[in-house]
Amino acid sequence: MLRDRITKRTREVDVCIEGQVGGQPVMICVECRDHKHPADVTWVEAIKGKHERLPTNALLLASRSGFTPEARRVAAAYSIETFALEDIESADYPSLLNAKSTLWTKSVTITPTKVLAKVPATGTLLGEAVVLVTDNLFYSADGKEICPANALIDMVLKSDLARDGLLPEGTEDHKWFELRWEPPSDLDGKPIFLKKLVPETLRRIESIQITGPCQFKITPFGLRRGLLGDIHIAWGKTEIEGQSAMVVATRDSLGIERLSVNITNNAGVSKSSP
């Protein structure tokens, strides 16, 4: 992301490469296009206008399907380098980002069917595992309602806890998941409680266990590789959860690696991650 000199807002750029030439900082930007048809002059002019307000010293345009002759002429007149995948020199070098010729994406779909809350013994009450239903309420230590169980469980399933607990070891052979949250807490990191009505008692929750069926999907992310000057480039396309995704990865002569992922949903809206 680079800051627009006029609007002061950040603008998305596919790849930014920073370095020094003669002791002076230099910013090289690469913009990519993954369409079935060659990039035309309209795209070239739009990208040129965008980078005129960014701290870009050199601009390179990459198009999967190449460029129209007019687009190449106009880009050359603006001193903008253009290249299609077939233009890039083949190179023999260690795999980019320490990967082999293919990256892989992994996603998981989970369906929670059972949620257990473990509470300790309290007074005359024995410790037990309570099966939670959607309208169970969670409470704070002072007895105030926090939220219904289904709201907090939904938040957990969308959190880093679920991602880090399920994705690293998950394979397509796994058909069932178990996620344990201990000790659970509210948004301020404070303990959460269940209320027993008879006798009326707040019982601190020691752990929450969520189980149900799951489906892992592992998809190859084939990369086409090349060398532009002394910058190694990898470019590939795949599908993530039904959405088209493109990755552009670079490694410069100093060994600095950068990765940009662009995901486009069915409505044609795209979002990128550096």
Side-chain angles (χ1 to χ4, degrees), residues 1-89 91 96-97 223-238 243-274:
M1 304 289 285
L2 298 179
R3 189 171 299 279
D4 189 304
R5 283 192 292 264
I6 296 178
T7 66
K8 306 305 181 184
R9 295 182 178 179
T10 55
R11 301 289 300 275
E12 180 182 304
V13 177
D14 288 331
V15 179
C16 296
I17 304 166
E18 297 180 72
Q20 288 193 342
V21 176
Q24 298 298 317
V26 173
M27 175 72 71
I28 301 174
C29 295
V30 182
E31 296 278 14
C32 305
R33 177 184 171 98
D34 185 29
H35 289 196
K36 294 180 180 179
H37 302 292
D40 59 16
V41 69
T42 302
W43 184 66
V44 172
E45 291 177 335
I47 298 298
K48 174 184 177 294
K50 168 184 172 180
H51 282 268
E52 284 179 341
R53 304 207 307 266
L54 300 179
T56 305
N57 299 109
L59 177 60
L60 298 88
L61 303 182
S63 169
R64 176 184 179 185
S65 302
F67 295 79
T68 64
E70 182 184 17
R72 284 191 183 272
R73 288 196 301 272
V74 170
Y78 291 139
S79 298
I80 299 173
E81 295 287 341
T82 60
F83 65 94
L85 289 180
E86 58 269 21
D87 295 335
I88 305 174
E89 304 169 14
L96 193 62
L97 302 175
L223 297 177
R224 298 177 68 176
R225 302 171 180 276
L227 184 66
L228 182 64
D230 59 359
I231 300 170
H232 300 297
I233 298 175
W235 166 317
K237 186 177 182 182
T238 191
Q243 300 181 97
S244 178
M246 178 187 292
V247 63
V248 177
T250 64
R251 184 170 63 203
D252 63 21
S253 59
L254 299 177
I256 298 174
E257 299 170 347
R258 292 178 174 84
L259 177 68
S260 174
V261 179
N262 183 281
I263 299 176
T264 304
N265 63 25
N266 293 330
V269 178
S270 65
K271 57 182 180 179
S272 296
S273 300

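With sequence neighbours excluded, the residues that form a side-chain hydrogen bond (donor to acceptor under 3.5 Å, both in side chains) with R53 are D4. Every residue meeting the side-chain contact (heavy atoms from CB on, under 4.5 Å) condition with E81, not counting sequence neighbours, appears here in chain and number order: L60.
The nearest pair of heavy atoms linking R33 to P38 is NH2-O, 4.5 Å. Closest approach of V41 to A71, counting heavy atoms only: N-CB, 3.7 Å. Across all non-hydrogen atoms, the minimal contact from S65 to K36 is OG-O, 3.2 Å.
With respect to C29, the side chain to side chain contact (heavy atoms under 4.5 Å, CB included) criterion is satisfied by exactly one of D14, V15, L2: L2.
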Inset, instruction - Could you walk me through whether L61 and F67 pass side-chain contact (heavy atoms from CB on, under 4.5 Å), step by step? - result: CA-CA 10 Å; L61 303 182; F67 295 79; 3.9 Å; yes
Inset, instruction - With side-chain contact (heavy atoms from CB on, under 4.5 Å) as the test, would you mind laying out the steps for L59 and E31 before giving the verdict? - result: CA-CA 8 Å; L59 177 60; E31 296 278 14; 4.2 Å; yes
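In this structure, the side chain of K50 engages the main chain of E12 through a donor-acceptor pair within 3.5 Å. No donor-acceptor pair under 3.5 Å is formed between the side chain of R64 and the backbone N or O of H35. For the pair N57 (side chain) and I28 (backbone), a donor-acceptor distance under 3.5 Å is absent.
Shown here is R5, whose CZ atom has more than 12 heavy atoms of other residues, nucleotides or ligands within 6.0 Å.
The distance from the CD atom of E45 to the CG atom of D40 is 9.0 Å, given to the nearest 0.5 Å.
The shortest side-chain heavy-atom distance between H51 and V13 falls under the 4.5 Å cut-off.
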